[in-house]
Amino acid sequence: MSRYHWFMTAAAAHRADVRSRIIDVAAQLLRDEGPTAVTTRGVAEQAGVQAPMIYRLFGDKDGLLEAVAEHVMAAYVAAKAEIAEAAPAAGIDPLTDLRAAWQTQIDFGVCNPSLFRFLSDPDRVRQSPAARAGREVLQTRIHRVAATGRLRVSEQRATSLLQAAAIGTIQTLLATPPEDRDPGLAESMRDAVLGQIITDPPAPAPADGDTTATAVSGRR
């Protein structure tokens, strides 16, 4: 490697490290104190960089917040995808996996109110690769339930119903003082939606002997 290429590689690595450090600091501030705490000066001080570096890397505060949102969403979705991929090999029932994923989503939103509100902006969701990836993980889980013969609606409708219900549940919980929240709300909403999209498991196919017995009984 030439000295020039070595220098460019080292510079790119340093830039990526600084960018990552700034995003981590901003994400922590957003999580702990909300969007108003994410100022260029505050982030620069905690990340150990000069404020102009943030403008060079992200353009402005909005650009930084966009990067933070995508970073946090991507990390969360990656964790969900890993769990979803491991479920079949672990022999976890698809419906059980779907229920657990619902609760994970509720817990994430309630425990990270500022992040949830920021990440749930419709314009941001439409443009976010991580948000699309998150919907694809949910679609994968829905497809596995459909493969068991237990889905009474289309996979697209089931995905949209669950997504809308989860967002609405989180918003309702966040709008309620913690001491007044209904601890069973999320579970009740989940069961209500599943009642609309899930049907009873198919009856097992009768054994050959049972088929014969049924036929004889029918002739009588």
How many angstroms lie between atom [atom1] of [X] and atom [atom2] of [Y], to the nearest 0.5 angstrom?
X      : Y      : atom1 : atom2 : result
Ile142 : Arg157 : CD1   : CZ    : 12.5 Å
Asp182 : Ser188 : CG    : OG    : 6.5 Å
Leu194 : Leu95  : CG    : CG    : 6.0 Å
Asp107 : Ile170 : CG    : CD1   : 9.0 Å
Thr40  : Leu64  : OG1   : CG    : 9.0 Å
Ile54  : Asp60  : CD1   : CG    : 11.0 Å

Judged by atom type as modelled, is there a donor-acceptor pair below 3.5 Å linking the side chain of [X] to the main-chain atoms of [Y]?
X      : Y      : value
Lys61  : Thr39  : no
Asn112 : Leu115 : no
Gln139 : Gln156 : no
Arg144 : Pro94  : no
Trp102 : Asp97  : no
Thr159 : Glu155 : yes
Arg150 : Ile198 : no
Ser120 : Arg117 : no
Arg21  : Val49  : no

Can you tell me if Phe116 has over 12 outside heavy atoms packed within less than 6.0 Å of its CZ?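 Enclosed: over 12 neighbouring heavy atoms sit under 6.0 Å from CZ of Phe116.
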Does atom CZ (Arg152) have a neighbourhood of more than 12 heavy atoms from anything else shown, all under 6.0 Å?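 Yes, enclosed.
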I need the minimum non-hydrogen distance between [X] and [Y], along with the two atoms involved.
X      : Y      : value
Ala131 : Met73  : N-CG, 3.8 Å
Ala81  : Val137 : CB-CG2, 3.9 Å
Ala158 : Leu151 : CB-CD1, 4.0 Å
Lys80  : Gly134 : NZ-O, 4.3 Å
Pro88  : Ala84  : CD-O, 3.3 Å
Thr199 : Gly149 : CG2-O, 3.7 Å

Could you verify whether a donor N or O on one side chain and an acceptor N or O on the other, from Arg135 and Thr140, lie under 3.5 Å apart?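 The answer is no; no qualifying pair exists.
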Distance alone, cut at 3.5 Å: any donor-acceptor contact between the side chains of Asp24 and Gln28?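 On atom types as modelled, these side chains do not qualify, holding no pair under 3.5 Å.
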Within the structure provided, determine whether [X] and [Y] are in side-chain contact (heavy-atom separation under 4.5 Å).
X      : Y      : answer
Val153 : Gln196 : no
Thr169 : Arg190 : no
Leu98  : Leu138 : yes
Val43  : Val38  : yes
Arg126 : Pro122 : yes
Arg31  : Ser114 : no

Kindly determine whether Val145 and Ile197 satisfy side-chain contact (heavy atoms from CB on, under 4.5 Å), including the steps that lead there. CA-CA 10 Å; Val145 172; Ile197 68 175; over 6 Å; no
same_hphob_cluster([X], [Y]) at 4.5 Å side-chain heavy-atom cutoff:
X      : Y      : result
Met53  : Val25  : yes
Leu162 : Ile92  : no
Leu174 : Ile106 : yes
Tyr55  : Leu65  : no

Candidate list Ile23, Ile22, Asp17, test side chain to side chain contact (heavy atoms under 4.5 Å, CB included), partner Arg19, passing option: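 Among Ile23, Ile22, Asp17, the one that satisfies the side chain to side chain contact (heavy atoms under 4.5 Å, CB included) with Arg19 is Ile23.
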Quick check, are the ring centers of Tyr76 and Phe108 under 6.0 angstrom apart?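 Between Tyr76 and Phe108, the centre distance is under 6.0 Å.
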